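Before any comments, here is the structure.
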There are 2 protein chains.
Amino acid sequence: MFDVQLFLESAGLGRKVDKFRAKQTVFSQGDPATNVMYIQEGGVKLTVVNETGKEAVVALLGPGDFFGEGCLAGQSICIATATAISLTTVLVIEKNEMTRVLHEQHELSDRFIAYMLSRNIRVEEDLVDQLFNSTEKRLARTLLLLARYGAQGHPQSVIPKVSQEMLAEMIGTTRTRVNFFMNKFKKLGFVRYNGEIHVNNSLLSVVLHD
Amino acid sequence: MFDVQLFLESAGLGRKVDKFRAKQTVFSQGDPATNVMYIQEGGVKLTVVNETGKEAVVALLGPGDFFGEGCLAGQSICIATATAISLTTVLVIEKNEMTRVLHEQHELSDRFIAYMLSRNIRVEEDLVDQLFNSTEKRLARTLLLLARYGAQGHPQSVIPKVSQEMLAEMIGTTRTRVNFFMNKFKKLGFVRYNGEIHVNNSLLSVVLHD
DNA sequence: TGCCCATTGTCCAATATAGGACAGTCCCTG
DNA sequence: CAGGGACTGTCCTATATTGGACAATGGGCA
């Protein structure tokens, strides 16, 4: 596996490293877009707010993911807010530098293309999910994805600290609705929770059948 | 502007050209994913159906757009159905060839990265729209985008032949609902239509204020 | 310990949406 | 010309969703 981090460093990029505490803002919607970020450790949440102040979570990213890449396509301002969700380390790469190295270095462009392809697939899946599934199914799917369902084939996984409010913002509904379905799932034995959420494989049945 | 088509041909790729009539299928959801397509002329619609047969339109593409690129990320089967929406010419590039040339040729990888970035931005916008806008706003936005609002700054644009059924699939709702809002927009003077749809700038007011 | 704050559980009324049914219109084609 | 097919216009009921309010819980901190 190609090591993006070592590569970026050896190419003279990413010498700038930033650290953020949980809940700290990396950049805000509306800021000038000048850098591409690469997550070394931790996690980042991308959110968008509309005119009325309503918030939507567009993506949750982890180590190995890029963000802020919109500037490479000519976006002059950030369309989302990036917030660290735990102690996070990012490499900061200036836009023009990134463009130059993407052009010159095959390894980086290959890796970046692979990243953009997978990211695109994920966002498209989210869109399709949104286009034809009910709130209940979307919640179930989101929980399963957060639990990295299928990664190890474990019958049960744990999601650390995601509030119902945030789940609501992720699937585009209200906390009331999330609460309603979480209790339903709990009654049916699909999930358990106190601080963490335990997701059982049986939750799949919600997503799968009609 | 870099000419992808000439480039692909001179690189020995895209010698295979396919033509499709309107409504003809380029590939179907579930087919083995083996080629990347590049649209020379015409237009293509990407749709996904769920278990219940409900259909969703994921994207409308035109000349200069790629599709079927999921195979480059390791997708073994097509997750969407691609249908020509008018007389369409596409270059067909075999997956491994595309991967090889993307690695070797800066011009192509630059262009492809630019394409993936812009496509990603668009899908993300669609997702955000879906996450926090009502059916009415989503319909208004979709009509404005179809009319390429702002492209020439014309106060009015024409959309050729898009049925209410298809609009419903694009914004994830029912035809009944689309019909309801189209009539509302018509009453308010935001649109006119008989076969084509005429979209007036004033439709923007629906998207803009709460 | 006691207060503050973030979160969850619950309830309710007002709306939005789905989904089906059916008539009317227009165009194409036999 | 008649019939069929693809759309649009309309109506109606059942359901899903919003949005607000308020109590209960539980942890962190002065």
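For clarity, every value in this text was computed on a predicted model and none was experimentally measured. The chains referred to below are lettered A, B, ... by the order of the sequence lines, with proteins before strands, and numbering in each begins at 1.
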Looking only at side-chain N and O atoms, does B/Thr173 come under 4.0 Å of OP1 or OP2 in C/dA18? yes
Check the pair A/Arg141 / A/Asp129 against salt bridge (Lys or Arg N to Asp or Glu O under 4.0 Å), numbers first and verdict last. CA-CA 9 Å; A/Arg141 170 174 175 271; A/Asp129 186 39; 3.0 Å; yes
A/Ser134 side chain, from C-beta outward: closest of C/dG9, D/dT17, D/dT8: D/dT17
Round to the nearest Å and state the distance from B/Met166 atom CE to D/dC7 atom P. 11 Å
Rounded to the nearest Å, what distance is computed from the CG atom of residue A/Leu131 to the C1' atom of nucleotide C/dA18? 15 Å
B/Gln164 atom CD is separated from C/dA18 atom P, nearest whole Å, by 15 Å
Between P on C/dG19 and CZ on B/Phe180, what's the gap in Å once rounded to a whole number? 18 Å
From the candidates C/dT8, D/dT10, C/dT17, the one with an atom nearest any side-chain atom of A/Asn179 is C/dT8
Would you say the side chains of A/Glu94 and A/Asn35 form a donor-acceptor pair under 3.5 Å? no
With the side chain of A/Thr174 defined as its heavy atoms from C-beta on, choose the nearest nucleotide among D/dT17, C/dT17, D/dT18. D/dT18
How long is the line joining CG of B/Asn133 and C1' of D/dT18, in whole Å? 15 Å
Name the one of A/Arg177, A/Glu169, A/Arg175, A/Met170 that satisfies side chain to side chain contact (heavy atoms under 4.5 Å, CB included) with A/Thr173? A/Arg177
Check for a donor-acceptor pair, side chain of A/Gln24 on one end and backbone N or O of A/Arg21 on the other, with a separation under 3.5 Å. yes
Nearest to the side chain of B/Lys23, heavy atoms from C-beta on, is which of C/dG9, C/dT17, D/dC7? D/dC7
Could you tell me whether A/Thr176 contacts a base, only the sugar-phosphate backbone, or nothing, with contacts defined as non-hydrogen atoms closer than 4.0 Å? base
Between B/Glu165 and A/Lys54, which is nearer to the 5' end of DNA chain D once each is assigned its nearest nucleotide? B/Glu165
From the options C/dA16, D/dA16, C/dT8, select the nucleotide whose nearest atom is closest to the side chain of B/Arg177. C/dA16
Under-3.5 Å donor-acceptor pair between A/Arg175 side chain and D/dG19 base: no
Interatomic distance, A/Asn194 CG vs D/dT25 C1' [rounded to whole Å]: 13 Å
Atom pair distance, as rounded to whole Å: CD in B/Glu136 and P in C/dT17: 9 Å
Could you please name the option among D/dT8, C/dG9, D/dT10 that lies closest to any side-chain atom of B/Asn183? D/dT10
Rounded to whole angstrom units, what separation is found between the OH atom of A/Tyr193 and the P atom of D/dT25? 15 Å
